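Working notes for the structure below.
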Amino acid sequence: MTDNGSTTRDEDVPPLSDAMTQDEDVAQGGHASASAPSSHDGASDAADNSSKSRGRSKLGWMLGVVGIAALLTMLAMIAVSALGGITWRQAVSIVMYAGLAGLIAVVLLFAFIFRRRKTGKSAFELPVIAGLAGGAVAAVYAASWGLAWIGHPAIHDISTDLADPPQFRSLTVRPDNFDDIPGAGDSDMTGLNPRQRWAAVHQDAYPDIRSVRIDAQPAAVLAKAQRLAEDRGWTIAPGDSDTTLEAQGRDTLLGVDFIFILRALPAQDGRASLIDVRMVTREGRSDYGVLAPIVRTFLADLSGTTTALQEGTTPAR
């Protein structure tokens with residue numbers, strides 16, 4: 001029905017139920033769009049998670065590099081010291097610091113691995129594994145030197161004869177040889193001078209290092225001792241003594257410089273020899289127990305190769 005041509009036709013007006021349905025759809029659509037995350041927000045969250053993952057992985061790499069660097073630094077210092085580039089005391093100090101750095105790297109790497117595992121991510125990347133291994137080796141090696149320092153007395157003069165050590169003639173004993181000998185404040189060493197304290201400390205630490213009797217004439221023993229010293233790379237000091245042999249050498253591990261003397265005195269009417277040796281480092285308050293094994297090995301090799309020699313025979317080369 002029309003009213004002056006201005007009345008709207010019934011078919012142009014949507015039913016009330018349809019209008020309500022459209023309104024509900026709009027409302028529901030609005031709520032749905034509001035509650036559904038946008039693709040932009042999802043990308044941001046993924047980027048944040050990726051950034052955090054990369055950050056933790058980068059930390060693992062950095063800690064791994066520290067562990068590897070600690071080991072490489074230690075090996076380099078040992079090699080440089082053995083070649084004479086730095087003193088062995090400097091090498092020991094650097095080894096200790098490298099070991100501490102390796103230990104710190106290992107502790108932090110374990111913390112890093114534990115944190116990554118809690119997030120469900122793997123932390124066993126190559127730098128992490130290499131850092132753990134390198135840091136652990138550096139820490140253990142430095143600890144071994146620390147234990148050597150603790151387990152050995154702070155002396156650097158080793159002799160088989162504490163009452164009458166062999167005296168150097170061609171080579172010179174360091175001027176501070178008996179300075180700062182341990183035991184100055186001990187009640188059981190009251191009244192002892194530095195040399196007497198050295199003898200007491202030496203006896204307690206190395207009771208097995210004693211004079212050796214060898215069934216060979218002194219000349220034969222000295223000849224064999226010289227060959228053993230030269231085989232070890234030691235430099236024989238010039239001299240014309242018929243009872244002593246002097247040499248200077250270097251420990252191949254850390255490059256500890258030392259001087260050496262062997263004294264061979266006739267025994268049993270000249271048919272045997274009484275052997276005493278002495279080794280003194282060129283520097284350092286303590287030798288970290290380096291010299292005693294060298295003395296033991298040298299005497300073992302010397303007695304083993306000269307025991308069968310008879311008077312008047314020439315030792316086999």
Side-chain angles (χ1 to χ4, degrees), residues 152-153 155-174 177-178 193 195-252 256-282 287 289-317:
H152 294 88
I155 59 175
H156 50 265
D157 189 333
I158 306 300
S159 176
T160 56
D161 189 343
L162 303 180
D164 182 23
Q167 299 299 310
F168 291 91
R169 296 181 180 180
S170 299
L171 301 175
T172 304
V173 177
R174 46 191 285 189
N177 194 47
F178 289 113
N193 61 40
R195 181 164 177 169
Q196 291 171 329
R197 293 201 310 272
W198 164 77
V201 171
H202 189 299
Q203 177 62 32
D204 289 340
Y206 309 113
D208 63 310
I209 296 182
R210 295 174 294 181
S211 304
V212 175
R213 189 186 69 83
I214 296 179
D215 295 329
Q217 293 179 331
V221 175
L222 290 173
K224 188 61 180 181
Q226 179 171 340
R227 287 193 291 274
L228 290 175
E230 291 172 343
D231 289 344
R232 286 164 165 78
W234 301 353
T235 301
I236 305 301
D240 56 1
S241 173
D242 57 354
T243 58
T244 61
L245 172 73
E246 298 182 41
Q248 50 190 344
R250 174 188 291 267
D251 170 63
T252 56
V256 179
D257 292 314
F258 57 82
I259 56 177
F260 168 87
I261 182 171
L262 181 142
R263 182 178 64 197
L265 299 178
Q268 294 182 343
D269 297 330
R271 294 191 301 271
S273 300
L274 184 64
I275 307 301
D276 284 297
V277 300
R278 183 183 181 187
M279 299 185 75
V280 184
T281 63
R282 291 288 195 182
D287 69 348
V290 169
L291 296 186
I294 299 177
V295 169
R296 294 188 185 101
T297 302
F298 191 91
L299 287 176
D301 292 345
L302 185 65
S303 60
T305 53
T306 60
T307 300
L309 294 178
Q310 302 296 324
E311 183 177 359
T313 63
T314 301
R317 293 181 179 271

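Everything numeric here is computed off the predicted structure, so don't read it as measured data.
Here the shortest heavy-atom pairing between V295 and M279 reads CG2-SD, 3.4 Å. Here the closest heavy-atom approach between residue W198 and residue I155 is recorded as CD1-CG2, 4.1 Å. Of all heavy-atom pairs spanning L171 and A247, the tightest one is CD1-O, 3.3 Å. Nearest heavy atoms, S303 versus A300: OG-O, 3.2 Å. Nearest approach of A229 to F298, heavy atoms of both residues: N-CE1, 4.0 Å. For the pair A272 and R213, the tightest heavy-atom approach, listed with the atom from each and the gap, is CB-NH1, 3.6 Å.
For F258, the ring pair (Phe, Tyr, Trp, His ring centres under 6.0 Å) partners two or more places apart in sequence, or in a different chain, are W234. With sequence neighbours left out, the side-chain hydrogen bond (donor to acceptor under 3.5 Å, both in side chains) criterion links Q167 to no other residue. Contacts of Q203 classified as side-chain hydrogen bond (donor to acceptor under 3.5 Å, both in side chains), with partners at least two apart in sequence or in another chain: none. The salt bridge (charged side-chain N to carboxylate O under 4.0 Å, His left out) test applied to D164 returns R263, not counting sequence neighbours. Residues satisfying the ring pair (Phe, Tyr, Trp, His ring centres under 6.0 Å) criterion with H152, sequence neighbours excluded, are absent altogether. With sequence neighbours excluded, the residues satisfying side-chain hydrogen bond (donor to acceptor under 3.5 Å, both in side chains) with R174 are D176, T281. Under the side-chain hydrogen bond (donor to acceptor under 3.5 Å, both in side chains) criterion, D257 pairs with R250, not counting sequence neighbours. The side chain to side chain contact (heavy atoms under 4.5 Å, CB included) check on P218 picks up A264, P266, S273, with sequence neighbours excluded. T243 pairs by the side chain to side chain contact (heavy atoms under 4.5 Å, CB included) definition with S241, L265, not counting sequence neighbours. For R210, the side chain to side chain contact (heavy atoms under 4.5 Å, CB included) criterion is met by no residue, not counting sequence neighbours. Partners of D204 by side chain to side chain contact (heavy atoms under 4.5 Å, CB included), not counting sequence neighbours: none found. Not counting sequence neighbours, the partners of D208 by the salt bridge (charged side-chain N to carboxylate O under 4.0 Å, His left out) test are R296.
Using a 4.5 Å heavy-atom cutoff, the side chains of H156 and N177 are in contact.
Looking only at distances, no side-chain donor or acceptor of H202 sits under 3.5 Å from a matching main-chain atom of I158. Under a 3.5 Å cut-off, the side chain of Q226 and the backbone N or O of A223 do not form any donor-acceptor pair. Side-chain atoms of E246 come within 3.5 Å of backbone atoms of R169 as a donor-acceptor pair (strictly under, hydrogens ignored).
Distance CZ/R282 to CG/D287: 15.0 Å, rounded to 0.5 Å. Here the CG-CG distance, from L228 to D301, works out to 6.0 Å after rounding to the nearest 0.5 Å. With rounding to the nearest 0.5 angstrom, the CD1 atom of I259 is 7.5 Å from the OG1 atom of T172. Taking CZ from R227 and CD1 from I236, the interatomic distance works out to 11.5 Å, rounded to the nearest 0.5 Å. Put simply, OG1 on T297 and CZ on R232 are 7.0 Å apart, with the number rounded to the nearest 0.5 Å.
For the residue pair S211 / D161, no side-chain donor-acceptor distance below 3.5 Å is found, with atom types taken as modelled.
When each of V277, I261, L262 is paired with P166, the side chain to side chain contact (heavy atoms under 4.5 Å, CB included) condition holds for I261 and for no other.
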Open item on the list: For I275 and L299: C-alpha separation, side-chain torsions, deciding distance, then whether side-chain contact (heavy atoms from CB on, under 4.5 Å) applies.
Closed with: CA-CA 9 Å; I275 307 301; L299 287 176; 4.1 Å; yes
